[in-house]
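Order of the sequence lines fixes the chain letters, A, B, ..., with proteins taken first and strands second; residue numbering starts at 1 for each chain.
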Amino acid sequence: MLRQESEADARFRREVAGWLQANIPDHLRHLTFRPSPMEAMDWYRKLSAQGWIAPHWPRVYGGMEATPVQQVILMEEMARAGAPDLPTQGLNHIGPILIKCGTPQQRERYLPAIIKGDAIWCQGYSEPGAGSDLASLRTRAQISGNELVINGHKIWTTWGQHADWMFALVRTSEGETRQQGITFVLIDLKTPGITRRPITTIAGDDEFCEVFFDDVTVPLENVVGEIGQGWAVATALLGEERLRIGSPAIALRALVRLHRLAADSRFRAVDNPYFQEKLAHAEIETEALIASYLNVAEAEQQGGATDSSYLKILATETVQTILDIQQQIAGEASPLRDPLHNDAGRLDITEMFLQSRRLTIYGGTNEVQRTIIATKVLGLPVAGRGKA
Amino acid sequence: MLRQESEADARFRREVAGWLQANIPDHLRHLTFRPSPMEAMDWYRKLSAQGWIAPHWPRVYGGMEATPVQQVILMEEMARAGAPDLPTQGLNHIGPILIKCGTPQQRERYLPAIIKGDAIWCQGYSEPGAGSDLASLRTRAQISGNELVINGHKIWTTWGQHADWMFALVRTSEGETRQQGITFVLIDLKTPGITRRPITTIAGDDEFCEVFFDDVTVPLENVVGEIGQGWAVATALLGEERLRIGSPAIALRALVRLHRLAADSRFRAVDNPYFQEKLAHAEIETEALIASYLNVAEAEQQGGATDSSYLKILATETVQTILDIQQQIAGEASPLRDPLHNDAGRLDITEMFLQSRRLTIYGGTNEVQRTIIATKVLGLPVAGRGKA
Amino acid sequence: MNISDMTDEMRLIADSAFEFTTGSGGLARARAVRDKWPHFDKETWEQIADLGWLGVAVPEKSQGLGLGVRAVCTLLESVSRKLLPEPLVPALASAAFLADAGAAEARGLLADLMEGRKLVVMCAARASGSFPLRLANVPDCHSGATVLVAQGEGNQFDVRAIVPGGDGCAIRSAACVDGSTLSEIVVQQQEWSRAVRVAAGMQAQQAWEKACDMMLLGDSAYLVGLMDAALQMAIDYMKMRKQFNTPIGAFQALQHRAATAHIDVVASRALVVEACRAFDTPSRARAACAAKARASAAALRVTKECIQFHGAIGFADEHDIGLFLRRAMAVASRQGGEMAQKLRYGAL
Amino acid sequence: MNISDMTDEMRLIADSAFEFTTGSGGLARARAVRDKWPHFDKETWEQIADLGWLGVAVPEKSQGLGLGVRAVCTLLESVSRKLLPEPLVPALASAAFLADAGAAEARGLLADLMEGRKLVVMCAARASGSFPLRLANVPDCHSGATVLVAQGEGNQFDVRAIVPGGDGCAIRSAACVDGSTLSEIVVQQQEWSRAVRVAAGMQAQQAWEKACDMMLLGDSAYLVGLMDAALQMAIDYMKMRKQFNTPIGAFQALQHRAATAHIDVVASRALVVEACRAFDTPSRARAACAAKARASAAALRVTKECIQFHGAIGFADEHDIGLFLRRAMAVASRQGGEMAQKLRYGAL
């Protein structure tokens, strides 16, 4: 972050840095992979006990109500300290949705468990035939008395195999538009009739899974919002979700890895003007991302940003740019599967590079995002409708 | 060119290099602009007298019937010697079209004048409303006795103000498809009713003009092919035209300029690894273009290349890449309008960079070319028709 | 413009600057001055002085507006939307420098500058120690302009006000593609000795470096407004221009490239704004350098794309879109463009 | 494939190589060997030897096929379409080198190599003069393999055949993302002295450098086939996969990117073919370097794009498209990828 920090912010940064230094378990520092929830939840709970697990949540639900600057300070210090990546579906997605659209009972039941790390959530939106075209989803839920009976098939469910709960979109009726008749529902994954199959990613880890529903019954009280109005629930927090998905957290982590690699004398990077330019490029692009994030986040706080769609593209493509540079610097060692080691610890060569392929796909592909920018922000005509 | 040259080719190269060295007038060497026909036609005629003006034409019409390798040798040596750019509409467009589709009378009347440099031609295809969508052209020709009476408006006519003749597409009737009812016609620009207005380009020269037709009469014998079948005439030589428009001639010229600039000690380029990489990039991309050109040209000779659409994109974007590097190397001097001078002569800074904006637009925009590759070469579905 | 902390005051500056630029001739004037010498209007310059703009970064106690670098950038982003040709950046920075570190002898010069009687431009390049001093690629050095030239380091740091053109200070100017100029200036020793010393010493050096960074930020902001306006012009064209019976803006390949250009604009703007917030911190130089590197690269990318979006008409000089590329080339390279700034960034 | 001078003989090689690679397990085998050690099949290797491939660049008088570098590249472009994992490139080049410059003592080794009894890989990196010799990032150095190690210059140039693994030559191998390996080899002086000298002297050095360039070209050709097959896989997917009731291949933004990838493939292929034509000329090294630089960069660009074209399924290991990116990473970086080759190109 380039801007002047207030005295309070600078104090907060020192506090965070010191606490992370003292508290991140050594075996979780500078990991070259995203740990599974089982490996990471102790650390999650420790952060929670410190009060820093939910920077963007209201205090009343256990959050920090942190300013955007404080959030960036946390991201920067987490990256610098090599803190591990944590499960975010509860904190970044269903939590805020319940705060906005849930009943008091739902909030009371689910939010504390998210904060404390007692429940791991996963998202059940995508289906094999419904990716970018999410509204074409086919998982059906039949209303039967006080229950929904769910049949269907979700896919690309991040850490679905480790999750306790899923928030899902299911079709309860056919509407005039395809967005109508979709219901937002919370599913206890221990319910009978659910089968999970992990999916290995090209980076070699089981981060996703498929989830099959075979006559799975869910009480109607688990519906968020109205029956058939689930699309509105899922999209109620688009602006906030863009902030989460467009945050500089991953780019900062990639930049730290890049610097650790470049500092290794084996790669002769820092003295070569060719790489100096690349390293500066990586830093400058990250600063531009941080600046963009702060700008949108602060506008959002003041009542809604008018243009935040670009953040997801900027954040994800910045990460890929940084990792391309990392690969270049690694040179002949660039395809090594396992991390290298030096005095500073583990050096990631390929894990994040492969893992980051997903960034431009998930959360709405960058292609879908560009179409949104073109038509919604720039006001260009929707393709196909311009035909005379 | 990387490949082994035959003894005969190597001899040809020496001959060309020597002859160019001795014969290009000093005031036309390493120009930093494309000279107008008036300035260049003496040189054109000299090249013609030497027999090298039409490397790709059959001998029977005054060409060289040069092999692709000989053609590249000519381009390379012309670039190295700083030979000026010449008018090409006669040599590269209407000449080959008349050879293929003209009557014996038409060939006899028009071809020698092209070879000798006695007639300058321009192309009358584009109109203000018909650019990428050429078939929507509206310039009309009414058949009246033995004549066509033409009314309408052509634009982006390269050197139309200096030309003696125009080959044009005009609409003689409405067909079932928009390509039907278009007629290919040769127009003597001295005919009454023609008005020309030069258009200044962003590089500051008057390379284009608009041409207005007001009851312009043209004898029917000037129609090439059948009345109403002009589209077929204009596209009969697409493969060959791709070779002309996708040739490495311009990239070679840009590369020579780049090297002349980089060699100037003021720009400290050659000792800096950052620029070394850029210079190597420019050379390697040019070699890839030459290799592609030779490959397609040789396939064409052997009975038709199956995939040549990419040449135009490759050739034009390679030129722009080289000129972007040139701008980078010029650094703080990069916006200078006029050439710099050093012992080696004039150094172009901005002229070709600005002029080259046109390359990705003319001859079918690179966007249109990409759509052609996607649908015709890769077989992807035509957009809009895939809708269920 | 969606910058979160844009105050009403800044909005006022932005609006009135845009209005003034449009009212004083807008793009037509930017076009007209291309072949003029000097490439700006004396009358407009006087109006600019009357508006107080030249003192926007000068403290109120020195008769300025006391608004700081953020206002400088707001102003420049606005005027660049219509490519205001006047040399605001070096004049604003010179005023800020003179107010900040100027010796008593400089007071008259500052007043002349702010009231539009003299054009004062500071030359960011530091002259080497031996005479004659040679300064290359100095922008906006019009005939009659006073150039602030700096020499030396630390206690030896020394800034003189020099009017090139006489025997003691030769000037050779060359035109850029937008009509602005780059000059080579050669200062002889006797001219240097004769010239007024407007500031000296360690503190002056700090103020000088700060003013140089202000120029980097000012040029960056100018590039942001320029590329934003160019993209808007292209978007408007793409909505209107039809091919194949379809507005070309409905073609998805162009849409996605327009979206990419948009991201380039907004990310560059955000970085410039953030760099303003770093202006009084140790990150100042690094931030200014980053902003200039990114804005320079983005402005060239975006304006080139905008010409392509326009197709053939974009390549015709009669269309205004080409003015944006040509101006971007001039402003992007000042004090070093993308590559120079990145190499500098790494060394900071 | 549209390469103009593709003879019937070359077509035959291409077709039979593709058939063999498919028949010997194709992508399924490329997937299966990822976690095996060594990451190729001894049986397949013997079949390859039986087909005579290992002598493709060995003159007929030395029992090879005598077909030259163009055949090497044709073969490799074909087998890479199904990602044949066997270490053909260093073995082919070793055979060419031994046939060209091998001493009498090397004849047995060449026969063992060509008949598939021994795996021989040459190590392109030249060891520095002082013992122990350290060689880093040697690809395809499987246990039991014989490594050709070169040392010295001119008359002192000396190549030995060494089998790493014993006390005198330690080896440490690490797996790459495609299952292939990079090894660090440390040769002690006594091992070097003990090892058979397979070639020596000025002429051997020339043959060695030529063989190294053959490896660059072979890897480049492998990358061309690989990226072409990856793009074809993506194109097929885009025709079939529907979103919004439309095959995603009908979306123009994807179409244009697919076209760009296509150009990348065909331009890289043309450059590789042209570099083959330069193989016996003074341009050889420059041409090989250019081909490897371009093919390496293009293969990474294209395979990354192909994953994006596939969307989420492209990110799943169960889909084969990811195998192409992983293999491209390994082959592109061998003997130096884009950047290293470009800096070398400038120095040639």
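Across every non-hydrogen atom of C:A258 and A:L380, the tightest pair is CB-CD1, 4.1 Å. Here the closest non-hydrogen pair linking A:Q4 and C:D280 is OE1-O, 3.7 Å. The two residues C:A267 and A:A288 come nearest to each other via the heavy atoms O-CB, 4.2 Å.
Of the two parts of A:S309, neither the backbone nor the side chain holds a non-hydrogen atom closer than 4.5 Å to a non-hydrogen atom of chain C. Only the side chain of C:A293 comes within less than 4.5 Å of a heavy atom in chain A; its backbone stays farther off. Of the atoms belonging to A:E285, it is side-chain heavy atoms, and not backbone ones, that fall under 4.5 Å from chain C. Only the side chain of C:L343 comes within less than 4.5 Å of a heavy atom in chain A; its backbone stays farther off. The contact between A:I313 and chain C is made entirely by side chain atoms (from C-beta outward), counting heavy-atom distances below 4.5 Å. The parts of C:T260 that come within reach of chain A are both its backbone and its side chain, each placing non-hydrogen atoms under 4.5 angstrom from that chain. Using a 4.5 Å cut-off between heavy atoms, A:V270 does not touch chain C at all.
The CE atom of C:M238 sits 8.5 Å away from the CG atom of A:L378 when rounded to the nearest 0.5 Å. A distance of 12.0 Å separates CZ of C:R257 from CZ of A:R370, quoted to the nearest 0.5 Å. In this structure, CD on A:E277 lies 6.0 Å from CD on C:E338, to the nearest 0.5 angstrom. Between atom NE2 of residue C:H256 and atom CG of residue A:N366 there is a gap of 10.0 Å, rounded to the nearest 0.5 Å. Atom CG of A:L314 is separated from atom CG of C:D264 by 9.0 Å, given to the nearest 0.5 angstrom. Note that the CE atom of A:M1 and the OG atom of C:S283 stand 9.5 Å from one another [nearest 0.5 Å].
In this structure, C:E274 and A:E287 have side chains that are not in contact, with every pair of non-hydrogen atoms separated by 4.5 Å or more. Counting only heavy atoms from C-beta outward, the side chains of A:I284 and C:L271 approach each other to under 4.5 Å. Contact annotation: the side chain of A:E283 approaches that of C:R286 to within less than 4.5 Å [non-hydrogen atoms, C-beta and beyond].
Between the side chains of A:D307 and C:H262, at least one donor N or O sits under 3.5 Å from an acceptor N or O.
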